[in-house]
Amino acid sequence: ERLFPNLVKRVIFAKTKIVKGERRDKRKRSFLAWLCRAASYLRETKVVCSMKDDTLRKLKILAESAKYDVSCSSSGTVRRNVKGGVGNTVGGIGICHSFAEDGRCISLLKVMLTNYCIYDCAYCINRRTNDIPRATLSVSELVDLTMEFYKRNYIEGLFLSSGVVRNPDYTMERLVRVVKDLRTVHRFNGYIHLKSIPGASRELVDEAGLYADRMSVNIEIPNEASLKLLAPEKDHESVYRPMGYIQQGVLESAEERKKHRHAPRFVPAGQSTQMIVGATGESDRDILYLSSALYGRPTMRRVYYSGYVAVNTYDPRLPALKQPPLVRENRLYQADWLMRFYQFKVEEIVDETHPDLDLEVDPKLAWALRHPEQFPVDVNRAEYERILRVPGIGVKSARLIVCSRRFGRLTSFDLKKMGCVMKRAQYFITCGELEAKGVNELYPERVRSLLVQSKSRKKQNDGQLTLLFKEEPA
């Protein structure tokens with residue numbers, strides 16, 4: 001662009017003429033099309049070329065600091081574009097390194113406003129006493145980065161968090177300025193997930209809720225005593241207070257929109273939170289009971305579980321883990337799914353006898369093995385709720401079973417076509433021609449060993465040829 005300062009303007013002018021039909025010559029049209037592609041390339045590379053080295057350095061540091069926050073995913077919010085605006089938020093698609101229902105990967109600018117922090121939380125990489133690269137983006141720098149990335153289709157939204165500088169209100173005010181400028185000045189209609197700062201005032205939380213699609217406040221540690229041990233400057237009261245502000249704002253907005261159609265929406269995608277798993281000694285029962293209580297709130301959409309990553313190995317208060325407890329994290333998500341979509345209660349998944357989830361089998365199968373008296377289930381006659389509890393049958397498959405059996409008797413072949421995992425379901429159902437013995441005939445211990453063996457067999461590489469030779473005596 002420095003060599004040809006008027007190139008872009010001329011190409012746009014020529015392209016306008018092509019659209020209007022003033023240029024009909026094919027050679028000129030093909031040449032101008034090539035110029036359009038060249039101009040588009042120049043525009044796309046302009047964001048990188050014009051980005052200052054200092055801004056790029058800040059972006060690398062703050063994006064690295066933000067990667068440990070997992071409390072973001074699809075929201076379901078819809079924010080349509082308006083005349084003069086930029087972009088839109090499509091309902092039902094995921095945000096922040098997740099996948100849409102059609103398999104499309106969705107990207108998000110996940111960044112912190114600053115990684116300076118006044119707190120010294122033992123589990124956090126950005127704690128005050130850590131000797132790490134620090135950076136702070138100004139409000140204008142972050143707004144410009146978001147708009148430039150969005151216009152070039154690098155991202156579809158913004159996930160914004162921050163370390164606490166000076167005090168919670170000062171940091172929250174800067175976060176609010178970012179989202180307010182994006183919405184009001186630049187008419188940005190993309191997705192925005194904003195982290196609320198624990199301890200922030202109600203006025204700032206209420207203002208932020210008018211511009212953000214989703215807000216979240218991280219609980220971090222499920223137990224108050226454990227939180228005081230690892231983060232003495234924090235308490236649960238400072239977390240639950242802004243949660244209450246967000247909840248009240250959402251409910252008031254819903255009532256207001258019943259009376260006035262065009263009343264402003266407040267956090268239309270609800271709120272979420274996050275808990276760290278493995279940093280303290282809480283059992284899965286403690287974590288799931290807290291999650292169940294949070295889901296009892298009308299505006300809580302998701303509770304995220306993050307396996308503890310040993311970023312501060314020098315602190316004696318933290319456990320010495322070689323790797324994050326990813327299997328336990330996965331089991332918690334599965335139990336969370338059972339509570340939200342499979343009509344399970346917490347006391348059915350974990351109890352005093354089994355306070356922790358089984359790491360070898362999923363929670364649904366573990367419950368079925370502990371309660372063989374509930375099986376077998378006749379898929380041609382049983383209620384939807386009972387079919388939903390059969391291992392290997394999901395929500396969609398259960399609905400298909402209930403709808404399809406009105407037109408004829410279902411067989412195992414029909415269940416396979418509906419997406420049922422018959423390797424697990426065959427021990428817990430009856431549908432006429434099944435030859436496999438049930439859980440009551442084989443006993444739960446035998447069924448468990450069969451399913452665990454089949455899972456371990458999958459991990460082996462069957463395509464690898466192995467030659468067995470008898471050892472000759474020495």
Side-chain angles (χ1 to χ4, degrees), residues 43-69 72 85-87 95-96 107-119 124-128 130-201 203-218 242:
R43 283 180 166 179
E44 288 183 0
T45 55
K46 181 181 177 183
V47 63
V48 179
C49 297
S50 62
M51 188 184 297
K52 297 179 181 178
D53 292 339
D54 184 54
T55 305
L56 186 59
R57 180 189 65 84
K58 292 179 182 178
L59 182 60
K60 289 180 179 179
I61 293 173
L62 295 174
E64 179 71 17
S65 298
K67 70 180 183 180
Y68 297 101
D69 199 323
C72 49
V86 178
I95 300 294
C96 187
S107 57
L108 173 75
L109 178 58
K110 186 176 181 181
V111 68
M112 299 182 72
L113 187 63
T114 179
N115 64 346
Y116 286 96
C117 192
I118 61 175
Y119 296 138
C124 184
I125 186 64
N126 301 310
R127 62 187 296 185
R128 182 179 66 240
N130 267 2
D131 185 15
I132 60 171
R134 304 279 181 174
T136 301
L137 284 170
S138 65
V139 173
S140 59
E141 283 178 330
L142 186 51
V143 170
D144 292 341
L145 278 174
T146 304
M147 293 306 302
E148 293 294 333
F149 281 17
Y150 193 90
K151 288 177 181 177
R152 285 155 182 81
N153 203 28
Y154 299 158
I155 60 171
E156 297 191 34
L158 173 67
F159 179 89
L160 181 58
S161 59
S162 178
V164 182
V165 184
R166 296 189 186 178
N167 56 68
D169 280 348
Y170 175 81
T171 307
M172 191 66 191
E173 184 181 2
R174 289 171 60 84
L175 294 175
V176 172
R177 283 176 55 195
V178 172
V179 295
K180 185 177 181 180
D181 284 358
L182 285 172
R183 295 294 193 207
T184 59
V185 178
H186 296 274
R187 308 293 298 277
F188 177 72
N189 291 299
Y191 178 84
I192 295 180
H193 184 143
L194 182 65
K195 304 292 294 187
S196 180
I197 304 299
S201 64
E203 292 76 17
L204 291 172
V205 174
D206 289 344
E207 186 177 6
L210 297 174
Y211 306 113
D213 292 294
R214 172 169 284 183
M215 294 183 68
S216 55
V217 194
N218 287 352

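Side chains are part of it too, since the values below use all heavy atoms of this structure and drop only hydrogens, waters and symmetry mates. What you are looking at is a predicted structure, and each value in this text was computed from that prediction instead of being measured.
Residues forming a side chain to side chain contact (heavy atoms under 4.5 Å, CB included) with Val179 (at least two apart in sequence, or on another chain): Ile192, Leu194, Tyr211. With sequence neighbours excluded, the residues satisfying side chain to side chain contact (heavy atoms under 4.5 Å, CB included) with Arg177 are Val139. The side chain to side chain contact (heavy atoms under 4.5 Å, CB included) test applied to Ile132 returns Asn115, Asn126, Asn130, Arg134, not counting sequence neighbours. With sequence neighbours excluded, the residues forming a side chain to side chain contact (heavy atoms under 4.5 Å, CB included) with Thr136 are Thr114, Tyr116, Arg174, listed by chain and number. The salt bridge (charged side-chain N to carboxylate O under 4.0 Å, His left out) check on Arg127 picks up Asp120, Asp315, with sequence neighbours excluded.
Looking at Glu148 and Lys151, no side-chain N of the basic residue comes within less than 4.0 Å of a carboxylate O on the acidic one, giving no salt bridge.
Lys110 places a side-chain N or O within 3.5 Å of a backbone atom of Asp69 that can act as its donor or acceptor partner. Side chain of Arg128 to main chain of Ile118: a donor-acceptor pair is present (N/O by atom type, distance under 3.5 Å, no hydrogens or angles).
Within the model, atoms CD1 of Ile125 and CD of Glu64 stand 8.5 Å from one another, a figure rounded to the nearest 0.5 Å. Between the CG atom in Leu62 and the CZ atom in Arg57 there is a gap of 9.0 Å [rounded to 0.5 Å]. Between the CG atom of Leu175 and the CG atom of Leu160 there is a distance of 5.0 Å, given to the nearest 0.5 Å. For the atom pair Ile197 CD1 and Tyr170 OH, the distance stands at 12.5 Å (nearest 0.5 Å).
Proximity of Thr171 to Leu113: side-chain heavy atoms (C-beta onward) are nowhere separated by under 4.5 Å. Side-chain contact check for Ser201 versus Met172: every heavy-atom pair is 4.5 Å or farther apart. Between Leu137 and Leu145, the closest side-chain pair of non-hydrogen atoms falls below 4.5 Å. At a threshold of 4.5 Å between non-hydrogen side-chain atoms, the residues Phe149 and Leu59 count as touching.
Counting all heavy atoms, side chain and backbone alike, Tyr119 lies closest to Pro168 at OH-CG, 4.0 Å. Across Phe159 and Lys195, no two heavy atoms sit closer than the pair CZ-CD, 3.6 Å. In plain terms, the two heavy atoms of Pro242 and Ser196 that are nearest each other are CB-OG, 4.0 Å. Scanning all heavy atoms of the two residues, the minimum distance from Ser216 to His193 falls at OG-NE2, 2.8 Å. Minimum interatomic distance between Met112 and Gly163 (heavy atoms only, all atoms of both residues): CE-N, 3.3 Å. Summarising the geometry of Tyr191 relative to Asp213, their closest heavy-atom pair is CA-OD2, 3.3 Å, with the distance given to 0.1 Å.
Applying the salt bridge (charged side-chain N to carboxylate O under 4.0 Å, His left out) definition to pairs two or more places apart or across chains, none involves residues 164-173.
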